[in-house]
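Working notes for the structure below.
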Amino acid sequence: MLQISYIRENKEKVIEALQKRGFREIEKIEELIRLDESKRSIQSQSDIIASQANTAAKQVGELMRAGKREEAEAIKTNSSNYKEQIKAFAEDIAELDQKIHDILVIIPNIPHESVPAGLTAEENEVVFQYGEDPDLSQEALPHWELTSKYDIIDFELGTKIAGAGFPVYKGKGAKLQRALINFFLDEAEKAGYIEVQPPIVINEASGFGTGQLPDKEGQMYFIGQDNLFLIPTAEVPVTNIYRDSIVKEADFPIKHCAYTPCFRREAGSYGAHVRGLNRLHQFDKVELVQITHPDQSYQTLEEMSSYVQTLLKKLGLKYRVLRLCGGDMGFTSALTYDMEVWSAAQKRWLEVSSVSNFETFQSNRLKVRFKDENGKMQLAHTLNGSALALPRIVAAILENFQTENGVRVPEALQAYTRFEFID
RNA sequence: GGAGAGAUGCCUGAGUGGCCGAAAGGAACAGUUUGCUAAACUGUCGUACUGGAAACGGUACCGAGGGUUCGAAUCCCUCUCUCUCCGCCA
């Protein structure tokens, strides 16, 4: 959520930036500023009345103590209508506040200046590409055939138990998952991230803090009886650790990693491109979260991006890095890099990580602040990135490393799987 | 699920109608002392909005929302959360 004071002081800049994103309701900005102006005007009128009421009340107290009963009574009768006036002002202010809030929550973050213009995924900018196309035979199979050939992931069984998009991992498939999780967590620890195990359900305040609510509740599974949501990503519970807190400047950067399952309803996305592991309702992911000083956040973003790339290199996967264009970025992000791996049998790029700087967009909602060197409160910057999401990594490993004798496990993982081939 | 207790500033904790934006201690920050560290001493030390060039003011906030009153951290109502005991249980 943008700060109203920032919008007020940088109106043109905000409008221009939102146009880059393809935000349609630009006129809302003007409306917002009008509402804010009248709110502040009413507020100061109300403050004057309140000040008078306070003075009168204080006088009554003093007169009573001095034993001057009648004078006190006189002021009392004069004071009785202050309350009504203040109440009337308060009602107007509450109404305006609500309107202001309703607009603020639909305004997306302002894109960083390096974000390319563009509205669709085609306009994302490829900033880096690494690795070779694996040399596969004509008979190379897509991963959903390999999983049943080696009996490591059973999609139908998951459908029976829960529904489509909830696969059952079996035998070496389950072990591969466990190996990847441990590999990712160990690497993150080496890179200085402190591991946490958060709840995998969140309340409404947490969902609001990181920007999933309001608006995206349709993407999350809702447990109505207890008013909780299953997490769509560990970003939500991990970042919310710091909600309503004042962090020490010396503690920057705060670095956490977390493994969690993630749940997404993915309502309305079906078809050939979501086959197999490409898009699931439940999947595993190791997530990185950082909270930094505003001056450091873009440097941190680059570090997170290169960290994620080292993981892909260690796994021997061909990948590319995209800088998302304004229209393709998430609502809360100021700058996002997507990492995509090449899935050789499908001949498709699969997104396996998304690394974003949210600047103060989340911290303004979360109220994550620190005291700067001048003793002033400032909002911290929040960032996060997947490192990594498992299913598409599994898909790429299966497809890219398939041989006649089975699927060769990447060397970096063998210490974790304790087998070299899936066969 | 049943019964009870509680929610105050970064933390602990006092405060039952006006002199309370809030005692005290701790932490933190600055200074004095010190060979260094520690200790001691002195001072500073809430947030948000708002007026002002600044100095310095105004308003709001003691879990949330209502109410009583000239006046509420303090009294009343509702809600939320936390803790303790009992029950159940991985």
Side-chain angles (χ1 to χ4, degrees), chain A residues 1-10 32-101 103-104 197-209 213 223-229 237 240-252 254 261 291 293 360 363-380:
Chain A
M1 193 158 72
L2 299 177
Q3 294 176 89
I4 183 78
S5 55
Y6 181 83
I7 297 174
R8 193 193 302 146
E9 285 154 26
N10 302 277
L32 188 62
I33 287 172
R34 275 199 310 276
L35 291 166
D36 176 53
E37 253 163 41
S38 41
K39 180 205 155 178
R40 285 184 299 138
S41 139
I42 293 172
Q43 181 73 62
S44 55
Q45 291 175 59
S46 172
D47 283 356
I48 291 165
I49 304 293
S51 177
Q52 289 169 2
N54 286 342
T55 311
K58 209 163 276 176
Q59 282 171 355
V60 172
E62 279 162 17
L63 291 169
M64 296 286 265
R65 231 171 304 126
K68 298 177 182 167
R69 263 255 152 80
E70 298 86 57
E71 288 179 48
E73 286 302 324
I75 295 175
K76 271 197 198 179
T77 28
N78 273 336
S79 303
S80 48
N81 64 340
Y82 284 137
K83 192 171 186 168
E84 277 172 34
Q85 294 182 52
I86 292 169
K87 196 175 169 186
F89 282 130
E91 277 166 15
D92 291 347
I93 289 167
E95 200 178 305
L96 288 165
D97 267 338
Q98 184 61 49
K99 284 183 183 164
I100 289 167
H101 182 261
I103 295 177
L104 279 177
Q197 286 193 5
I200 61 169
V201 294
I202 50 153
N203 58 27
E204 204 181 319
S206 296
F208 177 76
L213 297 173
I223 306 163
Q225 198 164 15
D226 295 296
N227 234 310
L228 297 168
F229 297 88
N240 269 280
I241 290 173
Y242 295 93
R243 170 154 50 88
D244 290 322
S245 64
I246 296 160
V247 299
K248 290 203 176 75
E249 197 175 356
D251 291 342
F252 287 140
I254 294 169
I291 297 178
H293 192 285
T360 61
S363 60
N364 185 36
R365 291 184 174 203
L366 294 160
K367 299 287 172 264
V368 182
R369 297 171 297 170
F370 68 98
K371 225 169 226 173
D372 67 19
E373 61 274 19
N374 301 317
K376 283 202 63 170
M377 281 295 184
Q378 276 198 52
L379 294 170

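Just so we're on the same page: letters track the sequence lines, and every chain starts at 1.
Put simply, A:R40 has no side-chain N or O that comes within less than 4.0 Å of OP1 or OP2 on B:A48. The phosphate of B:U50 has neither OP1 nor OP2 within less than 4.0 Å of any side-chain N or O from A:S44. Between B:C45 and A:K371, no contact under 4.0 Å exists linking OP1 or OP2 to a side-chain N or O. For B:C70, the OP1/OP2 oxygens have no side-chain nitrogen or oxygen of A:N54 closer than 4.0 Å. Within the 4.0 Å cut-off from OP1 or OP2 of B:C49, not a single side-chain nitrogen or oxygen of A:K39 is found.
Only the P atoms considered, B:C49 is 39 Å distant from B:U37, to the nearest whole Å. Separation of the P atoms belonging to B:U59 and B:A72 is 13 Å when rounded to the nearest angstrom. For B:U42 and B:G52, the C1' atoms lie 33 Å apart once the distance is rounded to whole Å. Taking the C1' atoms as reference points, B:G57 lies 24 Å from B:G43, given to the whole Å. Look at the C1' atom in both B:G15 and B:A3: the space between them is 29 Å, to the nearest Å. B:U8 and B:C62: their P atoms are spaced 12 Å apart (whole Å). Across B:A7 and B:G18, the matching C1' atoms stand 25 Å from one another, rounded to whole Å. Across the P atoms, B:U78 and B:G4 are found 14 Å apart, a figure rounded to whole Å.
Toward the 5′ end of RNA chain B lies the nearest nucleotide of A:Q59, the other residue of the pair A:D36 and A:Q59 mapping further downstream.
For A:M64, the listed nucleotide lying nearest its side chain is B:G18; candidates were B:A48, B:U50, B:G18. Side-chain proximity of A:I246 to the nucleotides B:C70, B:A48, B:C10 is greatest for B:C10. If you check B:A48, B:G18, B:U68 against the side chain of A:M377, the one that comes closest is B:A48. Of all nucleotides listed (B:U59, B:C70, B:A48), B:U59 comes nearest to the side chain of A:Q43. Taking only side-chain atoms of A:R369, from C-beta outward, the nucleotide of B:U47, B:G58, B:U50 with the closest atom is B:U47. Taking every side-chain heavy atom of A:S51 into account, B:G58 is the closest of B:G58, B:U50, B:U69. Taking the side chain of A:V60 as heavy atoms from C-beta on, and the options B:U59, B:U68, B:C70, the nearest nucleotide is B:C70.
Relative ring orientation between A:F252 and A:H293 is described as perpendicular, the plane-to-plane angle rising above 60° on a 0-90° scale split at 30° and 60°.
Nucleic acid contact class of A:A50 (heavy atoms, under 4.0 Å, all strands): sugar-phosphate only. Counting any heavy atom pair closer than 4.0 Å across all strands shown, A:R69 reaches no nucleic acid atom. No engagement by A:K376 is indicated, since no non-hydrogen atom pair under 4.0 Å with the nucleic acid exists. Across all strands shown, A:N78 has no heavy atoms under 4.0 Å from either base or sugar-phosphate atoms. Across all strands, A:K248 comes closer than 4.0 Å to no nucleic acid atom at all (heavy-atom distances).
Side-chain atoms of A:N240 do not come within 3.5 Å of backbone N or O of A:R243 as any donor-acceptor pair. With hydrogens and angles disregarded, a donor-acceptor distance shorter than 3.5 Å links the side chain of A:T55 to the backbone of A:S51. Remark: the backbone N or O of A:I86 is not paired with any side-chain donor or acceptor of A:S46 at under 3.5 angstrom. Remark: side-chain polar atoms of A:R369 are not paired, donor with acceptor, to backbone N or O of A:V247 under 3.5 angstrom.
Remark: A:K99 NZ is loosely packed, at most 12 non-hydrogen atoms of other residues, nucleotides or ligands lying under 6.0 Å away.
If you measure from atom NZ of A:K87 to atom C1' of B:U68, you get 12 Å, rounded to the nearest angstrom. The nearest whole Å value for the distance from the OH atom in A:Y82 to the C1' atom in B:U69 is 16 Å. Remark: P of B:C10 and OH of A:Y242 are 18 Å apart, rounded to the nearest angstrom. In this structure, the CD atom of A:E249 is 13 Å from the C1' atom of B:A28, given to the nearest Å. Nucleotide B:U69 holds its P atom 15 Å from the CD1 atom of A:I86, rounded to whole Å. Rounded to an integer number of Å, the gap from CD1 of A:I75 to C1' of B:C70 is 9 Å. Taking atom CD of A:Q85 as the reference point, atom P of B:C70 lies 15 Å away to the nearest angstrom. A straight line from CD1 of A:I42 to P of B:U50 spans 15 Å, rounded to a whole angstrom.
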### Message
Would A:I75 and A:E71 count as a side-chain contact (heavy atoms from CB on, under 4.5 Å) here? Give the steps.
### Response
CA-CA 7 Å; A:I75 295 175; A:E71 288 179 48; 5.7 Å; no
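Stem regions for RNA chain B, each three or more consecutive Watson-Crick or G-U pairs with both distances under 3.5 Å and listed by first number, read B:1-7 with B:80-86, B:10-12 with B:24-26, B:28-32 with B:40-44, B:46-51 with B:56-61, B:63-67 with B:75-79.
Counting only heavy atoms from C-beta outward, the side chains of A:F370 and A:L379 never approach each other to under 4.5 Å.
The pair A:K76-A:E73 counts as a salt bridge, with a side-chain nitrogen and a carboxylate oxygen less than 4.0 angstrom apart.
Donor-acceptor pairing under 3.5 Å, judged by distance alone, is absent between the side chain of A:K76 and the base of B:U69.
The CG atom of A:L228 lies 8.5 Å from the CD1 atom of A:I202; values are rounded to the nearest 0.5 Å.
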